[in-house]
Amino acid sequence: MATVLSTSIDVCFNPQYSDTKKHSLFSKPSSLRQSRTRKLTISCSSTKQPKTLEEEPITKTPSLSEQLKPLSATTLRQEQQTHVLSKPKSVWVNPTRPKRSVLSLQRQKRSAYSYNPQIKDLRAFAQKLNSSGFAEKSEFLALLDEIPHPPSRDNALLVLNSLREWQKTHIFFDWVKAKNLFPMETIFYNVTMKSLRFGRQFQLIEAMAVEMVEDGVELDNITYSTIITCAKRCNLYDKAIEWFERMYKTGLMPDEVTYSAILDVYSKSGKVEEVLSLYERAVATGWKPDAIAFSVLGKMFGEAGDYDGIRYVLQEMKSMDVKPNVVVYNTLLEAMGRAGKPGLARSLFNEMLESGLAPNEKTLTALVKIYGKARWAKDALQLWEEMKAKKWPMDFILYNTLLNMCADIGLEEEAERLFDDMKESGGCKPDSFSYTAMLNIYGSGGKAEKAMKLFEEMLEAGVQVNVMGCTCLVQCLGKAKRIDDLVSVFETSVQRGVKPDDRLCGCLLSVMALCESSEDAEKVMGCLRRANEKLVAFVKLVIDEKTEFETVKEEFKLVINGTQVEARRPFCNCLIDICRGKKQQERAHELLYLGTLFGLYPGLHNKTVKEWSLDVRSLSVGAAETALEEWMRTLANIVRRREDLPEVFLAQTGTGTHRFSQGLANSFASHLEQLAAPFKPSDRAGVFVATKEDLVSWLESKFPPLVASQA
DNA sequence: ATAGGGTTAG
């Protein structure tokens, strides 16, 4: 744990505090660090697919408890330590050894504003400068000479403050400085730097800071916080930290504004440990963080989806008696969403209303998004009614988020009303994403006719088609077997600049699997060829019975390696479906094997002592059937070898809340029936159960023992 | 945008 304390503050001027590391380990957030580490490791080992394929041992998927074992060991050890050495609190308040503070508890004072009698003339002059074009620097300089009053300190400051574009501010600063009528004070640099920050001109800002040092002009907290936030906005985090450390070196203590700016820098650059260390250290020396600091912490935990962290922020605010404002609530709501806690987001929102705060567009956007993703139709609709009844503010992003929510939940009529509202609202004309959301809704609802109409409307309105809209339409038209329309939509989209991605290719591939005539399949393959020639070549290779398995394996690896992670499993699913459509069952089994080998189907098989299960929820119809058959073959072998079997067997298809898995349960059920397999629908929807007894007798009849050894 | 810090979709 390399903390910022040892790299910046202590090294700079506080070497006697080498014990700070210990303190930060034992104080409050240490439990947070552990829980965060724990969560991260679980997700890494169980759900993330590798970017590059390596063969995975199929039978050795470690159970969750196995995965957790090393972690629980380390966690336990740390917790023990915390108990053994749980007295450092008294050290914190030991008066004989007060902590050296890391920030000034007083904010920097601003100089008082003094009235300028020439304000009217100078404002008008600045307006003129603002509205002037910017073809030539010399032209602008000529305009400056028309200043109605001499550029005294106060006059120059007023104009400097009124200029908009950073180029103009910068030239004006240099012009005033060159006149040498008065010494340039810090405030002139600060105002100019702020303007440069709008233009993200970090290099110029840094040059000005260097100039200040050379000219002996004092850099104050405002200067530093402007430099730091500009570096942050330019993603130059190292630069931000460099200037922060420089403050201490020159003996200037940051105040809370600079301090929370640097907290945000560490947070945005992913240095969570450092943020917590700095936070703790400042609180330990008497800082009472304000809402902005808590918003920074909340955002950081939200980005990590860290629920414990979010709770910690809420607890800290409560214990320090800091009332959350709208921004803090917005940040925490968003964070709750990322942490997958829709219920807690809802209570937090209610708490916000009870505290008398009014939600703004961002609050509502966060909440609508959460309800949509959670498919909480009732809450989403109730919220929408409330929004309309209370006339809460709407903006463009909120409209589009509402449309996406409708797509997530499948609310077609409501979406149509929103879409019309949007057209009438004047300020929020539907854009590419609004249309895409509507295409998504019509597409997943199988409304091919409406989707086509909307596509035409979109083209007429001159709204840019994007790849997702194209994908939704292709999928919808494919299901409706309107292959000619599909081809025309694809061509039009490509003409209009859509770059097909792997998802669109996966979609075309799934349509190919659905095609009944080879004529249609050829048409779709034509589209696919324009998007991904290698994939088409691979399809042809796979469906050619003469191709050797080893060749398929090598090419599979190449194709899947070149595919975006989220499209790999769909590709494999579709390829299996295509093979089954061509009655090439063995090839389908080979592909399922390869998909499993390369980790595309984690968690397909699950075993406990009492029950074994097959989870086909993320498989296509053909892949699920193949997986079932494969499982039965394996079980038949186990029966022949008279090895132990559990009492219960489960096959899980899910209920198809996701639009791509619609119908999986039904087709899986009829496949079971066709095989006369003893799996029966259970109380839980989308779950099929068989007892050991029934399954064994069925397997014995289906796979006779005499041919066993070669099966 | 009137010298400095925090929040919004795909």
Side-chain angles (χ1 to χ4, degrees), chain A residues 103 107-111 113 116 119 122-123 126 130 157-166 169 185-199 219-230 232-233 240 254-265 267-268 289-300 302-303 313 324-335 337 359-370 372-373 393-405 407-408 431-437 439-440 466-469 471-472:
Chain A
L103 86 169
R107 274 203 203 189
Q108 180 176 323
K109 296 263 188 318
R110 293 169 177 235
S111 54
Y113 171 77
N116 188 327
I119 185 163
L122 292 165
R123 276 271 157 85
N130 277 330
L157 195 54
L158 205 154
V159 174
L160 197 63
N161 257 320
S162 310
L163 292 175
R164 308 248 170 228
E165 289 153 274
W166 61 268
T169 319
E185 300 159 34
T186 305
I187 188 170
F188 282 83
Y189 285 91
N190 290 349
V191 173
T192 309
M193 282 183 178
K194 185 181 176 187
S195 177
L196 289 172
R197 192 184 60 178
F198 277 107
L219 283 77
D220 62 14
N221 257 288
I222 297 175
T223 321
Y224 279 110
S225 58
T226 310
I227 297 170
I228 287 167
T229 52
C230 179
K232 182 177 78 185
R233 281 172 208 189
D255 65 10
E256 72 171 336
V257 175
T258 315
Y259 205 77
S260 50
I262 205 69
L263 285 182
D264 197 37
V265 167
S267 162
K268 294 224 154 59
D290 64 1
I292 292 178
F294 284 118
S295 161
V296 169
L297 290 185
K299 173 92 184 173
M300 176 179 79
E303 290 289 321
V313 173
N325 60 18
V326 180
V327 177
V328 172
Y329 273 116
N330 290 354
T331 310
L332 291 176
L333 281 171
E334 172 91 18
N360 63 18
E361 295 88 336
K362 292 175 188 176
T363 321
L364 299 167
T365 299
L367 211 54
V368 167
K369 191 177 151 194
I370 290 168
K373 291 280 165 258
M394 295 279 285
D395 68 2
F396 188 65
I397 294 177
L398 181 51
Y399 265 117
N400 278 349
T401 308
L402 279 163
L403 286 174
N404 281 325
M405 177 271 286
D408 281 329
D431 73 342
S432 171
F433 287 100
S434 325
Y435 275 95
T436 302
L439 288 174
N440 190 0
N466 64 26
V467 67
M468 183 179 165
T471 306
C472 291

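- At whole-Å resolution of the value, CD in A/Glu334 and P in B/dG6 are 16 Å apart.
- Across all strands shown, A/Val328 has heavy atoms under 4.0 Å from base atoms, whether or not it also approaches the sugar-phosphate.
- Side chain A/Arg110 to base B/dG4: a donor-acceptor pair is found below 3.5 Å.
- Atom pair A/Asn190:CG and B/dG5:C1' shows a separation of 14 Å (rounding to whole Å applied).
- A/Asn221 comes within 4.0 angstrom of a base, heavy atoms only.
- Counting atom types as modelled, A/Asp290 pairs a side-chain N or O with a base atom of B/dG5 as donor and acceptor under 3.5 Å.
- Spacing between atom NZ of A/Lys362 and atom P of B/dT8 amounts to 7 Å, rounded to whole angstrom units.
- Rounded to a whole Å, the CG atom of A/Asn404 is 13 Å from the C1' atom of B/dT8.
- For a distance-only test at 3.5 Å, the side chain of A/Arg164 fails to qualify as a donor-acceptor partner of the base of B/dT2.
- Ranking B/dG4, B/dT2, B/dT8 by closeness to the A/Ile397 side chain, first place goes to B/dT8.
- For A/Arg233 and B/dG5, the shortest distance from a side-chain N or O to OP1 or OP2 is below 4.0 Å.
- In terms of polar N and O atoms assigned as donor or acceptor, the side chain of A/Asn161 never comes within less than 3.5 Å of the base of B/dT2 in a complementary pairing.
- Using a 4.0 Å heavy-atom criterion, one finds that A/Asn466 contacts no nucleic acid atom at all.
- The side-chain heavy atoms of A/Leu158 and A/Arg123, taken from C-beta on, include a pair separated by under 4.5 Å.
- Residue A/Thr192 is out of contact with every strand shown, counting any heavy-atom pair closer than 4.0 Å.
- Proximity of A/Phe396 to A/Asp431: side-chain heavy atoms (C-beta onward) are separated by under 4.5 Å at one or more points.
- Not a single donor-acceptor contact under 3.5 angstrom links the side-chain atoms of A/Thr226 to the base of B/dG4.
- To the nearest angstrom, C1' of B/dT8 lies 14 Å from CG of A/Asp431.
- Checking B/dG6, B/dG4, B/dA9 against every side-chain atom of A/Ser225, the shortest atom distance belongs to B/dG4.
- When the P atom of B/dG4 is taken as reference, atom CG of A/Leu196 falls 13 Å away, rounded to whole Å.
- For A/Ser111 against B/dA3, a side-chain-to-base donor-acceptor contact under 3.5 Å is present.
- The interatomic distance linking A/Lys194 (NZ) with B/dG4 (P) rounds to 3 Å, in whole Å.
- Picking from B/dT8, B/dA9, B/dG5 the nucleotide with the shortest atom distance to the side chain of A/Lys299 gives B/dT8.
- Residues A/Glu256 and A/Leu103 form a side-chain contact, since some pair of their non-hydrogen atoms from C-beta on lies under 4.5 Å apart.
- One can place NZ of A/Lys232 at 8 Å from P of B/dG5, the figure rounded to the nearest angstrom.
- As judged by a 4.0 angstrom heavy-atom cut-off over every strand, A/Asn116 is placed among residues making no nucleic acid contact.
- The residue A/Arg123 sits close to a base: some heavy atom pair falls under 4.0 Å.
- For B/dG4, the base has no donor-acceptor partner in the side chain of A/Thr229 [N/O atoms by modelled type, under 3.5 angstrom].
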